[in-house]
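This is the structure, below, for whatever I ask next.
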Amino acid sequence: VYFRPSWLSGSGLLLLCLVLGADQSHALECNLTDSSNATCLYAKWQMNFTVTYETTNKTYKTVNISDLSNVTYEGSTCGDDQNGPRIAVQFGSGFSWIVNFTKHAPGYLIDTISFSYNIHNHTTFPDAEHKGIITIDNGVALNVPLNDIFRCNSLLTIKKNNVTQHIWNVLVQAFVQNGTVSTKEYLCDEDKHSTVAPIIHTTVPSPTPTPTPKENPYVGNYSVHDGNSTCLLATMGLQLNITQDKVSSVININPNSTGVTGSCHPQTAQLRLNSSNIKYLDFVFAVKNENRFYLKEVNVSLNLANGSVFSIANNNLSYWDAPLGSSYMCHKEQTVSVSRTFQINTFELRVQPFNVMEGKYSTAEECSADSDLNFLIPVAVGVALGFLIIVVFISYMIGRRKSRTGYQSV
């Protein structure tokens, strides 16, 4: 977590933005103030992108843009008499994202959203047929009351041409009055028509008991690719336990009908699953102490059987810890407690989010539950052998005694 304050040259405006673990959760928070240090625009959100492009051999590749490193905000402004407020974000290798706001009495519009990317970047777009910067403009025209803060926890998807933008956990207020961000929320339609769980940023809480299906979920094999090489491997059966409005639901994920995307970076890796009822289920891994990896974050948004949407996120987890260059394995059932209302049971788990060689798992570090079982097996065998020896010895002594008694009778 770090601050990035900067004076916007010639404007007298101070842009103070907070990047909240951008490599892990892609969360950004901006507070734009004027020359009197009064807030004029506030925004907090998460986002990622999917881009499909044509290659030199006339095939198509899809890349996921989720690394929001090296973020700058050049061009962000509170606006003036001629131009409205604008959030301008530059990140990664030649990516930019701009949101324009305009006044529209009695409120204001979240007017347009544009995304630009440089397809000449061979690292992100290997073997691209076309070169140069491509900009995708999207008209939004979302009307927000002037003194309200717009909130949308639900996943917002904007598709145009070959680009898909995913935006969620949004809080934004342009034209902030008297320097004070409003506490009155204006919800997006998706949140109005669904029950969206709050975002959780706490240590691991105690799970809420939920019923367990009679059958365990199918075990699926998942992989993420970086160009032509595999960069993340995961094998696991997944069972989702959800509690909403005191009603418990259990969902077994079917790997045969589950889509897989993700991304790999030196310090983070993401596995994203989706299906007809799961908008996204993200597993975000991170490197710690330069020599180990662990599961740091889980994000989920899915449609429940009653028609409501369940969304939750926790970027302060600590599961599946193993050395870099190895995989983490646990045959026994494990529970990942994301929040009091959401837990994930895993079965036959094996995962390697970094340093995958030749598309194969490296040597596994086993979970404590498996280690305890492995320890008990030789102990049990030893006890059984000891018991067998005792039985043989007692039998021998009884037989010998009977033999002596027989000789005395003769």
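Heavy atoms only: backbone and side chains are in, while hydrogens, waters and symmetry mates are out.
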For this session: Starting from the C-alpha separation in whole Å, work towards a yes-or-no answer on side-chain hydrogen bond (donor to acceptor under 3.5 Å, both in side chains) for Ser308 and Gln244.
Result: CA-CA 10 Å; Ser308 65; Gln244 184 169 263; 3.0 Å; yes
Problem set entry | Worked verdict on Tyr42 versus Val172 for side-chain contact (heavy atoms from CB on, under 4.5 Å) | CA-CA 6 Å; Tyr42 174 82; Val172 61; over 6 Å; no
Exercise. For residues Gln90 and Trp97, is any side-chain donor paired with an opposing acceptor at under 3.5 Å?
Worked result: no
For this session: Report the distance from atom OH of Tyr73 to atom CZ of Phe91, rounding to the nearest 0.5 Å.
Result: 10.5 Å
Problem set entry | All side chain to side chain donor-acceptor pair (under 3.5 Å) counterparts of Thr55, not counting sequence neighbours | Asn57, Thr59
Exercise. Looking only at heavy atoms, what is the nearest atom pair of Val260 and Tyr222, with distance?
Worked result: CG2-CD2, 3.4 Å
Exercise. Going by atom types only, do Glu366 and Tyr328 share a side-chain donor-acceptor pair under 3.5 Å?
Worked result: no
Exercise. Under the 3.5 angstrom rule, does the side chain of Thr39 hit a backbone N or O of Leu41 as a donor-acceptor pair?
Worked result: no
Exercise. Hey, does the side chain of Asn121 reach the backbone of Phe125 with a donor-acceptor pair shorter than 3.5 angstrom?
Worked result: no
Problem set entry | With Glu348 via salt bridge (charged side-chain N to carboxylate O under 4.0 Å, His left out) - residues at least two apart | none
Exercise. What do the steps show when you test Val356 against Cys231 for side-chain contact (heavy atoms from CB on, under 4.5 Å), and what is the final call?
Worked result: CA-CA 5 Å; Val356 176; Cys231 59; 5.7 Å; no
Seminar exercise, completed: From the list Thr102, Val144, Leu142, side-chain contact (heavy atoms from CB on, under 4.5 Å) partner of Leu109 resolves to Thr102
Exercise. Got a second to check how far Ser263's OG is from Asn48's CG, nearest 0.5 Å?
Worked result: 8.0 Å
Exercise. Just how far is it from atom CG of Asn118 to atom NZ of Lys131, taken to the nearest 0.5 Å?
Worked result: 10.0 Å
Problem set entry | Minimal non-hydrogen separation, Val284 against Leu295, with atom names | O-CD1, 3.5 Å
For this session: Verify whether one side chain among Arg350 and Thr235 offers a donor that lies under 3.5 Å from an acceptor in the other.
Result: no
For this session: With the side chain counted from C-beta on, respond yes when Glu365 and Arg292 share a heavy-atom pair under 4.5 Å apart, and no when they do not.
Result: yes
Exercise. Cut-off 3.5 Å, side chains only: do Thr335 and Asn345 have a donor facing an acceptor?
Worked result: yes
Exercise. Where the side chain of Ser339 meets the backbone of Phe342, is there a donor-acceptor pair that is under 3.5 Å apart?
Worked result: yes
Exercise. Distance only, no hydrogens: is a donor on one side chain within 3.5 Å (strictly under) of an acceptor on the other, for Thr50 and Thr164?
Worked result: no
For this session: Considering non-hydrogen atoms only, spot the tightest contact between Thr230 and Ser223 and give its length.
Result: CG2-CB, 4.1 Å
For this session: If the plane angle is over 60° it's perpendicular, under 30° parallel, otherwise tilted; pick one for Phe293 and Phe354.
Result: tilted
Exercise. Is it true that Phe115 and Phe49 have ring centroids separated by less than 6.0 Å?
Worked result: yes
Exercise. Do Asn299 and Tyr280 come within less than 4.5 Å of each other through their side chains, counting heavy atoms only?
Worked result: yes
Exercise. With under 30° as parallel and over 60° as perpendicular, where do the rings of Trp320 and Phe283 fit, or are they tilted in between?
Worked result: parallel
Exercise. Does the Asp34 side chain pair with the main chain of Asn37, one donor and one acceptor, at a distance under 3.5 Å?
Worked result: yes
Exercise. Within a strict 4.5 Å, meaning less than it, do heavy atoms of the Ile242 and Leu302 side chains meet?
Worked result: yes
Exercise. Among side-chain atoms of Ser257 and Ser275, is any donor-acceptor pair under 3.5 angstrom?
Worked result: no
Seminar exercise, completed: Here the pair of heavy atoms bringing Ser116 nearest to Ile133 is CB-CG2, 4.3 Å
Exercise. Who passes salt bridge (charged side-chain N to carboxylate O under 4.0 Å, His left out) against Asp148, sequence neighbours left out?
Worked result: none
For this session: Output, in order, the C-alpha distance, side-chain angles, deciding distance and verdict of side-chain hydrogen bond (donor to acceptor under 3.5 Å, both in side chains) for Glu297 and Asn315.
Result: CA-CA 4 Å; Glu297 178 179 351; Asn315 64 0; 5.2 Å; no
Problem set entry | Passing option when Thr258 is tested against Asn274, Ile278, Leu273 for side-chain contact (heavy atoms from CB on, under 4.5 Å) | Leu273
Problem set entry | Test side-chain hydrogen bond (donor to acceptor under 3.5 Å, both in side chains) applied to Tyr319 and Gln334, step by step | CA-CA 10 Å; Tyr319 290 97; Gln334 277 193 314; over 6 Å; no
Exercise. Do any N or O atoms from the side chain of Asn252 and from the backbone of Glu215 form a donor-acceptor pair under 3.5 angstrom?
Worked result: yes
Exercise. Of all residues at least two apart in sequence or in a different chain, which pass the salt bridge (charged side-chain N to carboxylate O under 4.0 Å, His left out) check with Lys160?
Worked result: none
Exercise. Which distance, rounded to the nearest 0.5 Å, do you find between the CE of Met329 and the OG1 of Thr363?
Worked result: 10.0 Å
Exercise. Are side-chain heavy atoms of Tyr186 and Arg151 found at a separation under 4.5 Å?
Worked result: no
For this session: Give a yes or no on whether the backbone of Ser276 and the side-chain of Lys279 come within a donor-acceptor separation of less than 3.5 Å.
Result: no
Problem set entry | Results of salt bridge (charged side-chain N to carboxylate O under 4.0 Å, His left out) for Asp282 - residues two or more places apart only | Arg272
Exercise. Is there a donor-acceptor pair closer than 3.5 Å between any side-chain N or O of Arg86 and the backbone N or O of Gly75?
Worked result: yes
Exercise. Going by distance alone, is a donor N or O of one side chain under 3.5 Å from an acceptor N or O of the other, for Thr112 and Asn100?
Worked result: yes
For this session: Go through the steps for Thr341 and Phe310 under the test side-chain contact (heavy atoms from CB on, under 4.5 Å), then give the verdict.
Result: CA-CA 10 Å; Thr341 59; Phe310 179 87; 3.8 Å; yes
Problem set entry | Row check, Tyr53 ring normal vs Lys61 NZ/CZ: under 6.0 Å, within 45° | no
For this session: Test Ile344 against Leu238 for side-chain contact (heavy atoms from CB on, under 4.5 Å), laying out the working first.
Result: CA-CA 7 Å; Ile344 303 174; Leu238 294 172; 3.9 Å; yes
For this session: Measure the shortest side-chain to side-chain distance between Val170 and Phe150 over non-hydrogen atoms and say whether it is less than 4.5 angstrom.
Result: yes
Problem set entry | Check: Ser182 main-chain N/O paired with Gln173 side-chain donor or acceptor under 3.5 Å | yes
Problem set entry | Heavy-atom side-chain contact between His130 and Glu54 under 4.5 Å | yes
Exercise. Glu74 side chain to Thr72 main-chain N or O, any donor-acceptor pair under 3.5 Å?
Worked result: no
Exercise. Any luck finding a side-chain donor-acceptor pair between Gln352 and Ser362 under 3.5 Å?
Worked result: yes
Problem set entry | Donor-acceptor under 3.5 Å (Asn64 side chain, Gly262 main chain) | yes
Exercise. How about Gln239 and Ile253: do any of their side-chain heavy atoms sit closer than 4.5 Å?
Worked result: no
For this session: Output all residues satisfying side chain to side chain donor-acceptor pair (under 3.5 Å) with Tyr117, sequence neighbours left out; order by chain, then residue number.
Result: none
For this session: Determine whether Val224 and Leu271 make a side-chain contact, defined as any pair of heavy atoms from C-beta on separated by less than 4.5 Å.
Result: yes
